[in-house]
Number of protein chains: 2
Amino acid sequence: MYTDLMNAPRTARQRARAELTREILDAARRQLGEAGPSALSLRAVARELGMASSAIYRYFKSRDELLTALIIEGYDEIGDAAEAADDPAAEPDERWTAIWRGVREWALTNRHEFALLFGTPVPGYAAPPQAAVAAGRMPLALARVVADAKAAGVLAPPPAPTCDPALIDAGTAELLPGAGFDADETARVILAWNRLVGIVSYELHGHLHRVTADDAGFFDYTARVSGAFAGLRFA
Amino acid sequence: MYTDLMNAPRTARQRARAELTREILDAARRQLGEAGPSALSLRAVARELGMASSAIYRYFKSRDELLTALIIEGYDEIGDAAEAADDPAAEPDERWTAIWRGVREWALTNRHEFALLFGTPVPGYAAPPQAAVAAGRMPLALARVVADAKAAGVLAPPPAPTCDPALIDAGTAELLPGAGFDADETARVILAWNRLVGIVSYELHGHLHRVTADDAGFFDYTARVSGAFAGLRFA
DNA sequence: GTCTATAAATCGATAGAC
DNA sequence: GTCTATCGATTTATAGAC
């Protein structure tokens, strides 16, 4: 939505507005890490940019609107990272690992934004429905690999515990139109998405400190485990 | 550490101090949900209790010390929940599910405390080393089930992707003295712990909204999947 | 141990001059 | 569109009377 404003700036006025909007978002992202998302302060952003606190209200009319812009931008960037890492011509196991690594790398260089997306929700703030579209891009990248493996006939059968179709939301069953996922396949993609976010969160939040010995190596191991569970074959 | 103060109160003075310490902790826990952990305010706690803001410094000499007490108390409670749910005489699959459900129930009724433990870390705050002991109790409960299944000779062999022993911290390899876990078994317990926290976080933070259709049912399915991966046999 | 008073900051948001 | 000034509130923390 705000990125729309930054495309095709025609007049000098529009360009100036787009640039300042960008600077506000960048400053806000820098500040996410200093006091946490819930303490994000419009005033502090204004101070960092050398502008009056009231001037910023011309760009974002509330703190929540700025938060929404940051969240959608974050979901889009992590979706970009996942899609950019994916080479549809490669083998499923390689695609899977590449997507996982792309997401992790984005998270490592944008840890506060990752926390904004997947950490504790900001109290009193509710993300608008349109954020769901951007939020779905990363798990969809994972689903695409599974769908392609299934179409190629190389998807492994589900492991022992199977998923009751009644547990999956009707809308989610159609998450990848044309893929023809059954409940088990859908559930395995959901758990893969949850696993990816969960293991990155553990690494970023220090829960693996003195538990694992090699973060990148354990992450790759987790990716293999997750991919195998999803039905992909790893060498 | 603070709970020590509450055991064996001898004089009336000590009992009064213990009770007020308890009230401060309870009030702080109530406030965790209002503005998030990073906004936890000693003054607001004092106000809620009808005491002067300065008086509270007699009980906790800083906000970080109060946070530490809350974190250790939370880890201990979730460890209690896991241990209380475990019946060592039951079958491994039943024990596993019971522990999972016990942890989820604690999280559902203490969601802000759960977020304090496993959500975004509070900026500028570092948990003291002694918190690690309390933090380990919940995953240890999971490990105990796996260890007992191994001792009984009913632990399934590892699934295809195996874990390089170099990826596990040397201290973690001894996480359950006497269990004789190898790297694969240790890694599977770590991932089970991560899975449990991850799926509860997803449920609490709304990421499963309109994705799954039955939170409790999908949680049980996840528990079965996780237990099977850990090597337990589910009917 | 509890109180008042205070220090030196911060915040979101608005009004109104220019 | 940007500024100053302001409102009414918040915070952590300390000093000192009682």
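To find a chain, count down the sequence lines: A is the first, B the second, and so on, and within it residues start at 1. No experiment lies behind these values; they were computed from the predicted model shown.
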DNA chain D contacts made by residues 34-51 of chain A, counting heavy atoms under 4.0 Å: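 Contacts with DNA chain D under 4.0 Å: A:Arg43, A:Met51.
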Integer-rounded Å distance: [N] [atom2] and [X] [atom1]:
X: A:Ile56; N: C:dT14; atom1: CD1; atom2: P; value: 15 Å
X: A:Arg17; N: D:dT2; atom1: CZ; atom2: C1'; value: 13 Å
X: A:Gln14; N: D:dG1; atom1: CD; atom2: C1'; value: 15 Å
X: A:Phe60; N: D:dG1; atom1: CZ; atom2: P; value: 13 Å

All side chain to side chain contact (heavy atoms under 4.5 Å, CB included) counterparts of [X], not counting sequence neighbours:
X: B:Ser54; result: B:Ala52
X: A:Arg30; result: A:Asp26, A:Ala27, A:Glu48
X: B:Ala213; result: none
X: B:Ala230; result: B:Trp96, B:Val146

Closest to side chain of B:Arg63, choosing from C:dA13, D:dT12, D:dT2: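 So the nucleotide nearest the side chain must be D:dT12.
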Angle by which the axis turns from one end of the helix from C:dG1-D:dC18 to C:dC18-D:dG1 to the other, five pairs per end, to 10 degrees: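 For the helix from C:dG1-D:dC18 to C:dC18-D:dG1, the axes at opposite ends meet at about 10°.
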Those residues that, when tested against B:Glu174, pass salt bridge (charged side-chain N to carboxylate O under 4.0 Å, His left out) (two or more places apart):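 Applying salt bridge (charged side-chain N to carboxylate O under 4.0 Å, His left out) to B:Glu174 gives none.
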Contacts of type salt bridge (charged side-chain N to carboxylate O under 4.0 Å, His left out), residue A:Arg104, not counting sequence neighbours: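 For A:Arg104 the salt bridge (charged side-chain N to carboxylate O under 4.0 Å, His left out) partners, ignoring immediate neighbours, are A:Glu203.
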Mutual orientation of the aromatic rings belonging to B:Trp100 and B:Phe219 [parallel < 30°, tilted 30-60°, perpendicular > 60°]: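 Tilted, since the angle between the ring planes falls between 30° and 60°.
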Residue pairs fulfilling salt bridge (charged side-chain N to carboxylate O under 4.0 Å, His left out) with at least one residue in residues 133-142 of chain B, sequence neighbours excluded: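 Listed by first then second residue: B:Asp76-B:Arg137, B:Asp80-B:Arg137, B:Glu83-B:Arg137.
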Would you tabulate the side-chain donor-acceptor contacts of residues 39-47 of chain A under 3.5 Å, counting partners in other chains and residues two or more places apart, or write 'none'?
residue	atom	partner	partner atom	Å
A:Ser41	OG	A:Arg43	N	3.2
A:Ser41	OG	A:Ala44	N	2.8

Touch class at under 4.0 angstrom, heavy-atom based, for A:Ala52 against every strand present: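 Since a base atom lies under 4.0 Å of A:Ala52, the category is base.
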Donor-acceptor contacts, no H, no angles, side chain residues 110-117 of chain B, under 3.5 Å, sequence neighbours left out:
residue	atom	partner	partner atom	Å
B:Asn110	OD1	B:Arg29	NH2	3.1
B:Asn110	ND2	B:Trp106	O	2.9
B:Glu113	OE2	B:Arg29	NE	2.6
B:Glu113	OE2	B:Arg29	NH2	3.2

Gap separating the CG atom of A:Leu191 from the CD1 atom of B:Ile199, nearest 0.5 angstrom: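 A:Leu191 CG to B:Ile199 CD1: 5.5 Å, rounded to 0.5 Å.
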Using nucleotides 14-18 of chain D, report all nitrogen or oxygen pairs with the protein that are shorter than 3.5 Å.
none

